[in-house]
Amino acid sequence: MEKKISISQIKEVAQQAYNEVKGHTGGKNADYIPYLANIDSHLFGLSICLMDGQTINIGDTDYHFGIESVSKVHTAILILRQYGAQKVLDMIGADATGLPFNSIIAILLENDHPSTPLVNAGAISACSMVQPVGNSDKKWAAIVQNITELCGSAPQLIDELYKSETATNFNNRSIAWLLKNYNRIYDDPDMALDLYTRQCSLGITARQLAIAAGTVANNGVNPVTKQTVFEAGLAPKITSMISTVGFYEHSGDWMYTAGIPAKSGVGGGVMAVLPGVMGVSAFAPPLDTAGNSVKSQLAIKFIMNKLGLGVFNGDNVTITE
Ligand SMILES: NC(=O)CC[C@H](N)C(=O)O
């Protein structure tokens with residue numbers, strides 16, 4: 001069906017979502033990474049990027065928070081760009097685990113592949129794949145350049161967060177070496193782990209993540225800079241991965257209730273992609289038990305339901321002035 005929504009309607013609903021959710025007190029900051037436990041839990045920002053490059057920003061949308069697992073989407077895009085869709089499927093996979101993001105059991109159950117670049121195991125594998133293999137500095141430069149192109153501006157490493165994660169990432173160290181045991185690490189395991197830890201420690205804003213989500217929604221063309229970041233055929237591949245596992249063991253409930261593929265990070269950020277229509281990002285530190293920001297989920301769900309939008313609705317959506 002044809003569906004028309006005006007920009008002023010989107011702005012109004014986004015403001016309502018923000019007002020409605022702002023005072024919500026549910027959830028708790030991630031505490032297994034000491035830096036994240038100390039972030040002000042009242043911070044809350046909401047950003048939308050439309051396909052013509054217009055952005056709507058409400059609240060703390062310029063605050064640099066730890067990108068954490070949202071970076072998995074960015075680096076998955078980078079290896080899709082470098083290797084193509086089939087090789088990523090062969091070398092990592094695109095399956096949901098149905099288990100927590102840092103699950104070791106998931107690797108043991110599926111020892112023939114890490115399952116998806118959007119959980120820790122597959123993300124560490126993805127970092128090992130980033131070209132040029134064997135050169136940590138150049139791999140890091142490629143990761144940062146790719147995020148910069150997706151967001152239209154550069155992320156900034158939060159050094160204190162990087163140190164905090166490096167000092168406490170024992171579970172991820174086990175994952176890296178277990179993957180090595182299954183021949184699913186394609187470079188030095190410690191280097192892959194370090195790149196993964198560093199990319200998780202990048203500071204990013206909700207404004208930047210909405211533009212990155214908008215770039216995916218716009219089939220690889222950044223709506224703000226107009227740069228073609230990746231080829232259009234890769235957009236449905238990354239969006240399918242996000243919808244399958246973006247909220248880990250809560251991904252099914254999320255898709256059922258909100259209808260928009262979205263990826264979370266334990267820093268409190270979420271990036272959500274409605275293909276052809278918009279990119280949405282929200283940021284608020286307190287998390288649910290699966291590690292997904294409580295307020296970000298409520299706000300994005302509010303917008304989707306109020307505007308009657310959803311990836312499964314089959315509507316041809318036009319945004320009017
Ligand atoms: N879900 C997340 O955001 C987890 C990212 C975090 N750096 C970790 O590996 O544990």
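Computed from a predicted model, the values in this text were never measured in an experiment. For ligands, and for the atoms within them, numbers begin at 1 and follow the listed sequence.
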Under-4.0 Å heavy-atom contact with ligand 1, by part of [X] that carries it:
X: S69; answer: both
X: N172; answer: side chain
X: N120; answer: side chain

Ring geometry between F101 and Y32 (parallel below 30°, tilted from 30 to 60°, perpendicular above 60°): tilted

Sub-4.0 Å heavy-atom approach of N102 to ligand 1: no

Short N or O distance, V266 and ligand 1, threshold 3.5 Å exclusive: yes

Ionic contact status for D288 with K28, cut-off 4.0 Å: no

In one Ile/Leu/Val/Met/Phe/Trp/Tyr side-chain cluster, 4.5 Å: F247, L118: no

Path from L202 to V266 over hydrophobic side-chain contacts below 4.5 Å: yes

Atom indices of ligand 1 within 4.0 angstrom of Y248 heavy atoms, with elements: 1 (N)

Proximal atoms of ligand 1 relative to C200 (non-hydrogen, under 4.0 Å): 7 (N)

Working for salt bridge (charged side-chain N to carboxylate O under 4.0 Å, His left out), residues E149 and R81: CA-CA 13 Å; E149 288 174 11; R81 290 171 75 176; 3.0 Å; yes

Audit row: Y63, F283, ring pair (Phe, Tyr, Trp, His ring centres under 6.0 Å) steps and yes/no: CA-CA 9 Å; Y63 181 87; F283 155 64; 5.6 Å; yes

